[in-house]
**Q** 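My questions all concern the structure below.
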Amino acid sequence: MPLESSIPLTPQSRPAKAPRLVLTEETCAQDRLVPIFAFPPNRDTLGGTSYLIVEKEGNVLIDCPAWDEQSRSFLDAQGGVKQLVITHRGGIGKVRDIQSAFHCDVIIQEQEAYLLPNLTVTRFQENLMISPHLEVIWTSGHSPGTACVYLNACGGVLFSGRHLVADSQGNPVPLRTAKTFHWLRQIRNVQKLLDRFDRDTLNWICPGGNIGLLRGKTAIDHAYEKLAQLDLEQCVKQQPLL
């Protein structure tokens, strides 16, 4: 889809790092490789990381990248955006501008759809299959409508938004802050993911925050094993971070 208009340069839209390819044929081993790109952290979403999944059925953008000429040109070069999934209220960013540019479907859990007034959105409750290989899973806790996106390719990839982020050792963890909506519910939804997946179906987690703690990587490897090492009973006792 051609670009419709230019975007004025702002301090945030000065030349920045280009989106990076997350996985390669070597890291995916014998499973089907799907191109996944990670965008640089976005100030509009408090340093959140957005991902683009390039699929034959249409590209899927997960959360909003910084909306500047570089992001828009990159998305256009990849074939545009068919669907934009918002994993939590903090990932909204310039969703209106992105939908206007690419006429994409915006998908958001029903409890947070009210945050996008006057936009055409697709609401879901528990789960939503958005392609033969992609499913959105409600994982409330960080916010009422927090969700993850699961890609059944590349050994199994979970785009975890703020439900799971990286800790200082690069492991996936739930993070309790003063603004956490419901901490116990968030922990229960970590267990929900552990019950659903295993080491053969969940090899990677692409978190929507704390990417800097991955020290140059954009995905957590051996994801299920690392997630299974969490002591969820101890996590429940965790005090909120300021």
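All values below come from the heavy atoms of this structure, side chains included, with hydrogens, waters and symmetry mates left out.
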**Q** Verify, without hydrogens or angle tests, whether Q70 (side chain) and K17 (backbone) share a donor-acceptor contact under 3.5 angstrom.
**A** yes

**Q** Flag the pair H163 / H142 as yes when their ring centroid distance falls below 6.0 Å, and as no otherwise.
**A** no

**Q** Quick one: sort the Y150 and F197 rings into parallel, tilted or perpendicular, breaks at 30° and 60°.
**A** tilted

**Q** Rounded to the nearest 0.5 Å, what separation is found between the OG atom of S143 and the CD1 atom of I86?
**A** 11.0 Å

**Q** In residues 165-173, what donor-acceptor pairs under 3.5 Å come from side-chain atoms, sequence neighbours left out?
**A**
from: D167; atom 1: OD1; to: Q169; atom 2: N; distance (Å): 2.9
from: D167; atom 1: OD1; to: G170; atom 2: N; distance (Å): 3.0
from: D167; atom 1: OD1; to: N171; atom 2: N; distance (Å): 2.8

**Q** Minimum heavy-atom separation for S160 to L164, with atom names?
**A** OG-O, 2.7 Å

**Q** Ion pair present between K82 and D105, side-chain N to carboxylate O less than 4.0 angstrom?
**A** no

**Q** Do S50 and N42 come within less than 4.5 Å of each other through their side chains, counting heavy atoms only?
**A** no

**Q** For S140 and G145, indicate whether the former's side chain and the latter's backbone hold a donor-acceptor pair under 3.5 Å.
**A** no

**Q** For N59 and E55, does a side-chain donor sit closer than 3.5 Å to a side-chain acceptor?
**A** no

**Q** If you measure only the distance, is there a donor-acceptor pair under 3.5 Å linking the side chains of S100 and D97?
**A** no

**Q** Count I, L, V, M, F, W, Y as connected when their side-chain heavy atoms are under 4.5 Å apart, and connections chain through other members. Are L84 and L115 then in the same cluster?
**A** yes

**Q** Output the distance between atom OG1 (T122) and atom CD1 (I130), rounded to the nearest 0.5 Å.
**A** 9.5 Å

**Q** With a 4.5 Å heavy-atom cut-off, do L116 and E112 have their side chains touching?
**A** no

**Q** Would you call E135 and R196 a salt bridge, taking side-chain N to carboxylate O under 4.0 Å as the test?
**A** yes

**Q** Answer with yes or no whether the hydrophobic clustering places M129 together with I62; edges join I, L, V, M, F, W, Y residues whose side-chain heavy atoms lie under 4.5 Å apart.
**A** no

**Q** Would you confirm whether the ring centroid of Y51 sits within less than 6.0 angstrom of the ring centroid of F159?
**A** yes

**Q** Taking atom CG of L61 and atom CD of Q78, what is their separation to the nearest 0.5 Å?
**A** 11.5 Å

**Q** Sequence neighbours excluded, which residues qualify as ring-ring contact (aromatic ring centres under 6.0 Å, His included) partners of F74?
**A** F37, F39

**Q** Do L193 and V236 sit in one hydrophobic cluster, given that two such residues count as connected whenever their side-chain heavy atoms are within less than 4.5 Å of each other, even indirectly?
**A** yes

**Q** How long is the gap from CD1 on I98 to CG on L119, to the nearest 0.5 Å?
**A** 11.0 Å

**Q** Are L158 and L128 connected in the hydrophobic side-chain network, where two residues link if heavy atoms are under 4.5 Å apart?
**A** yes

